[in-house]
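All values derive from a computational prediction rather than experimental measurement. No hydrogens, no waters, no symmetry mates; every other heavy atom, side chains included, goes into these values.
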Amino acid sequence: MPVVRIHHYRVADDQVEALLAQRTTLIDGIRRANPGLTQTRLTRLEDGSYSDTWRWDSAEQMLAAIGASQGFPLVAATMALTTDATAQTGEIVDER
């Protein structure tokens, strides 16, 4: 069953371009290593924070990628551009 991992964070205005560039490289690398990542969506919210939603084919694929990402230096470098970061995981139960 598909799952999503939703990251919520803030990015300083002068770091947004760097975040976007590093995020693109990070997503491409994760997809090469784990084809279960089917969709990503970055949304700037009205309070200026960001919601970054990653959709996976299954929880197992997501957990495998999270485990593998611990050794991926770009993860730490990209997250260093953010503040107030949180993440939640949820199972998709209905889509229309």
Side-chain angles (χ1 to χ4, degrees):
M1 182 166 293
V3 296
V4 293
R5 182 137 172 106
I6 303 166
H7 304 261
H8 186 259
Y9 48 78
R10 295 189 174 280
V11 180
D13 290 341
D14 63 342
Q15 297 294 316
V16 172
E17 289 303 316
L19 175 83
L20 292 173
Q22 286 183 203
R23 183 178 176 274
T24 297
T25 302
L26 180 62
I27 290 167
D28 290 345
I30 290 172
R31 280 193 170 133
R32 277 192 300 277
N34 188 326
L37 179 59
T38 59
Q39 182 182 51
T40 64
R41 177 175 292 136
L42 181 63
T43 306
R44 185 183 357 246
L45 303 174
E46 62 188 353
D47 68 354
S49 66
Y50 291 83
S51 176
D52 197 353
T53 305
W54 295 38
R55 181 188 171 116
W56 298 87
D57 283 334
S58 71
E60 294 78 19
Q61 289 173 322
M62 179 193 68
L63 292 172
I66 289 171
S69 73
Q70 303 306 312
F72 201 46
L74 192 53
V75 171
T78 302
M79 291 310 296
L81 297 171
T82 71
T83 59
D84 302 327
T86 62
Q88 291 184 308
T89 300
E91 182 178 39
I92 297 173
V93 295
D94 184 46
E95 290 184 293
R96 300 187 191 268

CG of D52 to OG1 of T82, rounded to nearest 0.5 Å, is 10.0 Å
More than 12 heavy atoms from other groups under 6.0 Å of CG on D47: yes
Give a yes or no on this: more than 12 heavy atoms of other residues, nucleotides or ligands lie within 6.0 Å of atom CZ of R31. yes
Please round to the nearest 0.5 Å and tell me the distance separating atom CZ of R55 and atom CD of E95. 4.0 Å
Are I6 and L37 connected in the hydrophobic side-chain network, where two residues link if heavy atoms are under 4.5 Å apart? no
Mind checking the CG-CD1 spacing from L42 to I27? Nearest 0.5 Å is all I need. 8.0 Å
Minimum heavy-atom distance between A64 and N34, given as atom pair plus value: CB-ND2, 4.3 Å
Output for pair (L20 CG, Q15 CD), nearest 0.5 Å, gives 11.0 Å
Write down the atom of A87, the atom of H7, and the distance for their closest heavy-atom approach. CB-ND1, 3.8 Å
Interatomic distance, CG@L19 vs CG@D14, rounded to 0.5 Å, equals 12.0 Å
Nearest heavy-atom neighbours spanning R10 and G48: NH1-C, 4.0 Å
Can you hop from V3 to W54 via hydrophobic side chains spaced under 4.5 Å? yes
Just by distance, do the side chain of T38 and the backbone of D57 share a donor-acceptor pair under 3.5 Å? no
Transitively linked via ILVMFWY side-chain contacts under 4.5 Å: I66 with Y9? no
State plainly whether one hydrophobic cluster holds both L81 and L26, where clusters connect Ile, Leu, Val, Met, Phe, Trp and Tyr through side-chain heavy atoms under 4.5 angstrom apart. no
Could you walk me through whether L63 and W56 pass side-chain contact (heavy atoms from CB on, under 4.5 Å), step by step? CA-CA 10 Å; L63 292 172; W56 298 87; over 6 Å; no
Does T78 reach the main-chain N or O of L74 with its side chain, forming a donor-acceptor pair under 3.5 Å? yes
With side chain to side chain donor-acceptor pair (under 3.5 Å) as the criterion, how do T89 and R5 come out once you've worked through the C-alpha distance, each side chain's angles and the decisive distance to 0.1 Å? CA-CA 4 Å; T89 300; R5 182 137 172 106; 2.7 Å; yes
Between NE2 on residue H8 and OH on residue Y50, distance to nearest 0.5 Å: 11.0 Å
